[in-house]
Amino acid sequence: MPTAPTEDEVLTWFERLSNWNRWGADDRLGTLNHVTPAKRVSAAGLVREGLSVSCSWDMRTGRQPGATVENQRYMLSTGLGLADEGRQNLLAGGRAGGAQEFIGMVFHGLDVTHLDSLAHIFWDGRMYGGVPASMVSDRQGAMVHDVLAVANGVTTRGVLLDIARLRGVDALAADDHVFPEDLEAAEQAAGIRVEPGDVVLMRTGEGGARRARGRDYNANKPRSGFQAACLPWLHERGVSMLASDVAQDPTPSGYRTVHMPIHMVGIVAMGLWLIDNCQLEDLAGTCTRLGRWEFQFTLAPIRFQGVTGSPVNPLAVF
Amino acid sequence: MRIETPLLVVGRSPAAVVVAKVAAWAGLPCLLAGHEVSSDDAPVPLDAAAVEQLERHGLVDVLRPYFTSADPLTIGGRTFEDVIKHHCVADLNVVVYDEVTVIERVAVGRGVRGVLTDGASRWELSADLFVDADLLASALSHAITSGAAVAMAAVEAHAHHVRAHPA
């Protein structure tokens, strides 16, 4: 079994794996700098079947154990009561109508499929690039490193590393963490190699349990994820974004101080963009059916100024 | 693998979520393990001492949309636990693990050692401080006051420990 790095070793990675100033002092893209125009053109060549697969969960209202707060949807106008007295003849002689709503959610957490911007995590009072954490304020939100950094979206090659399939299990046990050796074994099984600019999507199989339990699924429990040892591997390979069907870090991680190493070292030191809580069951099924684990990956966040991420619906296009 | 936490909170009383939230609010990271929200949502009027504790720790505003009466402040028991627990989930100072139990507990000073298990996996667990909320009051007002008091005592004990053992 691979050896987990000590906490002292992980702490040194804030320096050793740092991308601060690598792409300039005012860099806002972090590891997305690995996605070049040539990479986007190359990724477009992976579209052969004309098939698009969502990597997101549905968002629902109502009480869910794994949600930080309930998602909210308040209808402002609906199709009900159109014939009521006082509402007749309002629009187009009563022939037209419409619906609209307010929606709200806390997308960070363990429920909603979402993108973490580089303003999401601090370490020693700093964000990626050494930006002071105080640049995220109550009044203005994230004044630096908000999600607008990726307003033009992400289009590149995506690769699915299906560790549950590799292990031959429905889902990884909570204490079965994913090491670089597992990522390389999954590469070999898929006949691919992760290259600079790729989005790595890693499947633990936890999505199957979530799908089976539906609204009763509770993410507040120990779960598998990327062992901290993957960080140097992700750095060396030039991975642009990291996604999985959990929230990347295993819980518990085994570290007391840097207890979310992928979030803490990854976002703050490396500028690594994370997509938490993906739905990878459909993608895994498609990859297995087509016999290929690489595809064009696309993602476009909501352009909400000052926000530390975005709910997203990442797409894998074959 | 080993889990180390400054404060471990177990037990099903509403006091458990109060201890976790108040301790985290005061800067003490904690692990809330195995808590289950009660099914009883009958409205409960809160006494003055409970309201004072909620105000002191910034929780009245958190709960305000859920009060069923303003005078006295009244809230369903399940709703109270649900709301405070979700704020624990959102708090980076609190780790919430449901569907787990802590077994083979051995007291060590004010803390505990044991094993956390989800039925399939096991983790060695070490906590500097330990609170079993089942030993605290379960009636909501008393759970709030006793939970807040225990949490602040834990915060003080942790601060004392840090002062005595600087890194």
Next on the checklist: Is it the case that over 12 heavy atoms from other parts of the model lie below 6.0 angstrom from the CG atom of B:L135?
Outcome noted: yes

Checklist entry - If you check every heavy atom in residues 112-146 of chain A against those of chain B, which residues fall under 4.5 Å? => result none

Item to check | Flag if over 12 foreign heavy atoms under 6.0 Å of CZ, B:R113 | outcome: no

Checklist outcome for this item: Given B:V100, B:T5, B:D118, the one with more heavy-atom pairs under 4.5 angstrom with chain A than any other is B:T5

Next on the checklist: Can you tell me if A:R60 has over 12 outside heavy atoms packed within less than 6.0 Å of its CZ?
Outcome noted: no

Checklist entry - Crowded around A:Q305 CD? As in, over 12 foreign heavy atoms under 6.0 Å? => result no

Checklist entry - Under 6.0 Å from the CG atom of B:D134, do we count more than 12 heavy atoms belonging to anything else shown? => result yes

Next on the checklist: To the nearest 0.5 Å, what is the distance between CG on A:N220 and NE2 on B:H35?
Outcome noted: 12.0 Å

Checklist entry - Side chain, backbone, both or neither: which part of B:A90 has an atom under 4.5 Å from a heavy atom of chain A? => result both

Checklist outcome for this item: On a heavy-atom basis, the closest approach of A:R256 and B:P6 is NH2-CG, 3.6 Å

Item to check | Nearest-0.5 Å distance that lies between atom CE in B:M1 and atom CD in A:Q227 | outcome: 7.0 Å

Checklist entry - Is the shortest heavy-atom distance from the side chain of B:V95 to the side chain of A:T251 under 4.5 Å? => result no

Item to check | Heavy-atom pairs under 4.5 Å with chain A, option from B:D82, B:L32, B:I3, B:V37 with the top count | outcome: B:D82

Checklist outcome for this item: Nearest heavy-atom approach of A:K221 to B:D98 is CB-O, 3.7 Å

Checklist outcome for this item: With chain B, the option among A:A173, A:S253, A:A4, A:P222 that has the most non-hydrogen atom pairs under 4.5 Å is A:P222

Item to check | Proximal component of A:H259, with respect to chain B [non-hydrogen, under 4.5 Å] | outcome: side chain

Next on the checklist: Can you confirm whether more than 12 heavy atoms, excluding those of A:R73, are under 6.0 Å from its CZ atom?
Outcome noted: no

Item to check | Value rounded to 0.5 Å, distance of CD in B:E4 from OG1 in A:T257 | outcome: 9.0 Å

